[in-house]
Protein chains: 2
Amino acid sequence: MLTERQARILEFVISEYVENASPVASQYIGEKYPVGASSATIRNEMAELEEQGYLNQPHTSSGRVPTDRGYRFFVETLMHEEDLSWDAQQTIRHQFHQVEHGQADWTQLAAAVLAQAVHNVALVTEPRTDACRIKHLQLVSLHDYSALLVLVLDESRLKQHMLTLDEICTQDQLSATANRLNQQFAGFSAAQLVASDPQIAPTELLVMDAVIEIMSSIDAGSFDDAHLEGLRNVLSQPEFSDSEHVLGLLELLSESNISRSIPLRSLAGGGVTVIIGADNPALPQANEAMRACSVVVASYGSTGDASGALAVVGPTRMHYSHTISTVRYLASVMSELLAEHYE
Amino acid sequence: MLTERQARILEFVISEYVENASPVASQYIGEKYPVGASSATIRNEMAELEEQGYLNQPHTSSGRVPTDRGYRFFVETLMHEEDLSWDAQQTIRHQFHQVEHGQADWTQLAAAVLAQAVHNVALVTEPRTDACRIKHLQLVSLHDYSALLVLVLDESRLKQHMLTLDEICTQDQLSATANRLNQQFAGFSAAQLVASDPQIAPTELLVMDAVIEIMSSIDAGSFDDAHLEGLRNVLSQPEFSDSEHVLGLLELLSESNISRSIPLRSLAGGGVTVIIGADNPALPQANEAMRACSVVVASYGSTGDASGALAVVGPTRMHYSHTISTVRYLASVMSELLAEHYE
DNA sequence: TTTAGCAGTCTCCACGGGAGAGTGCTAAAC
DNA sequence: GTTTAGCACTCTCCCGTGGAGACTGCTAAA
């Protein structure tokens, strides 16, 4: 158990280390923060904090550095979680203004806004339901025997697919086909499509096969299609000053590996979740670079309905309070937006 | 002017340096390559090559390193440009097989294939015409007062936009509207839309305003929407072992800066263009990191019709012959594909 | 329990010397 | 005239050394 004073010192050390990224000395703490004790006393307390696993010394006779456990304690009990400043809120709202003007791929924008606000890597997934449903489909003639299938799913997700037809079709014929299929199948999920055994023409069957394939692959593939922004922010941090680490992180965050390193999908809970360094449950499979990183995740949307996730990835030495409140605020803004635009 | 032997030595030095990334010694060349002269002679020739600006010494008494001029001479006169090996061609064709199965966003795929083939960064832009034309438009009801506008342009480019309507519309009404507009405006360019002064209802006007805006912004914005792949390849090269360079390159290639650093659009010419290091005309505005990079660019598609660009970016020390033939081959494959699928 | 003081330890940096790599030059050989 | 062997010279790289500086841990006094 930590005494009041030890907790305060831990807080000061973390605050200082987050700022400067170099080990924190007892004397420095004594001078800069109102501990009300000499450096020798602080030294004793720090030794105690180290014994309990909250701090660490890179080498004998250097200052202290917070451990994962230290950060965790800070986040769970020390940190006073404040609402995002009104200024910051305005900045975010302002940047989202473009959405009002019809920008449809707003998850990308959200990732960029988040990355800029927290100066780290941001991930935002598209909103999705358990099983996506057809909102609308359209066929556009490209060539004698080929057509473009445009599929609008719930949450305005757009998918395109090229079809090779078995007979020549005019645009009018294709439109008519699309209309028939819309009448029949609007609102269906992939499972419902498979279950239904409709009487339809061969061409229509060809279209619906493609539709089912697309929708099934979306339902199966999870959050792999997260937008990523702000790589530069995190690569310029001192912990990645050596290029070996940079490559590790880059691999970690490369499109194909994200879902393996960061368990976005397992975080259905309402609030903001913080994963600190080696606590990451995905670590065994993940890259070693993950050990030096923390992740702040939240979901947006409503759990029953469509929902997605947003996350911030950065070094364990991150400004947790600010990051958490930003993520929370952005999640609420995005939930609003989702409700407003898609009901 | 270079003698026969000097040219051969230059070729050997470049070949060696491309392979090993460390200064090349005269003795080493003599042992490994069939120069037919002693190291002392080679040394004399190298001194001459240095005097003429083809080679450089990092410091007195170290081996030689090719200069930009050396690379340029190599690319322009020394290099025997071979066709891509049949194996490599097959690999590329095989990877493109997915396109046959309907994958519509194949420029992304092309970038990935190219990046992997040349072990560097690859950029591929979407194909585009001078002025894009409407192929098809569709309205999908989202909410009482909001609808999604889905716009299919030539080359199957898909754009979406959210509309706020001034009256409640059912999906049937929206479909009818879309049909009317398709009848009237299919094949129109933005300029033609503006010029035409049709008699249409307020709701339709609202739609067409959005269409015009989207199309104009596409016509104005150039190749900014290039797909980028293979960052890791180039960041793991020894020239970027120190993280300062990494950041420079990252900034260079970040979405917003690409068009400034690499003049893709100015390369309308049919063949493959090679920009070596400081030769880059965009250098003054571009990042300093560009000085250490070469770019191999080609266009695909037909010049009058739709066309796009593909490029490889890597350190000046790159395998030019392989890169050039790969870019050329991929450009031809993509041109074929474009012709085949969209006529 | 706190604190002043001090010895001890570890990093960091600058300096220096030796090994090694590779060149330039010179003088002899072809 | 061209080529080559030989050698001195230069520069990097690595390693060990040693002093300055930063902090700590410990001890003994307040």
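Quick caveat: nothing in here was measured; it's all calculated off a predicted structure.
- Between the NE2 atom of A:His59 and the P atom of D:dT24 there is a distance of 10 Å, rounded to whole Å.
- A distance of 10.5 Å separates CG of A:Leu2 from CD1 of A:Ile9, quoted to the nearest 0.5 Å.
- In a base pair of the Watson-Crick type (N1 to N3 plus N6-O4 or O6-N4) or a G-U wobble (N1-O2 and O6-N3), with each distance short of 3.5 Å, D:dT4 is matched with C:dA27.
- Note that CZ of A:Phe74 and CE of A:Met79 are 6.5 Å apart. Values are rounded to the nearest 0.5 Å.
- Atom CG of A:Asn44 is separated from atom C1' of D:dT24 by 10 Å (rounded to the nearest Å).
- The CD-P distance, from A:Gln27 to D:dG25, rounds to 14 Å in whole Å.
- The residue B:Ser39 sits apart from the nucleic acid: no heavy atom pair falls under 4.0 Å.
- Distance from the side chain of A:Ser61 is smallest to D:dT24 among D:dC11, D:dT24, D:dT4.
- Rounded to whole Å, atom P of D:dA22 lies 17 Å from atom CD1 of A:Ile29.
- Within the structure, every side-chain polar atom (N or O) of B:Arg43 is placed at least 4.0 Å from both OP1 and OP2 of D:dC7.
- On the nucleic acid side, DNA chain C contacts chain A at distances under 4.0 Å to non-hydrogen atoms, with the end points of that region at C:dT2 to C:dT11.
- Put simply, CD on A:Glu31 is 12 Å from P on D:dA22, counting in whole angstrom units.
- Side chains of A:Arg317 and A:Gln237: a donor on one and an acceptor on the other come within 3.5 Å.
- Here the side chain of B:Arg69 pairs no donor or acceptor atom with the backbone of B:Leu55 at under 3.5 angstrom.
- Whole-Å rounding puts the A:Glu48 CD to D:dC26 C1' distance at 16 Å.
- Below 30°, between 30° and 60°, or above 60°: for A:Tyr320 and A:Tyr71 the angle between ring planes is between 30° and 60°, a tilted geometry.
- A:Leu49 places its CG atom 13 Å from the P atom of D:dT24, with the value rounded to the nearest Å.
- Using a 4.0 Å heavy-atom distance criterion, A:Thr60 is classed as a sugar-phosphate-only contact.
- Nucleotide D:dC11 holds its P atom 10 Å from the CD atom of B:Gln57, rounded to whole Å.
- At a threshold of 4.5 Å between non-hydrogen side-chain atoms, the residues B:Leu310 and B:Val297 do not count as touching.
- In this structure a side-chain-to-backbone donor-acceptor pair under 3.5 Å is present from B:Arg8 to B:Pro34.
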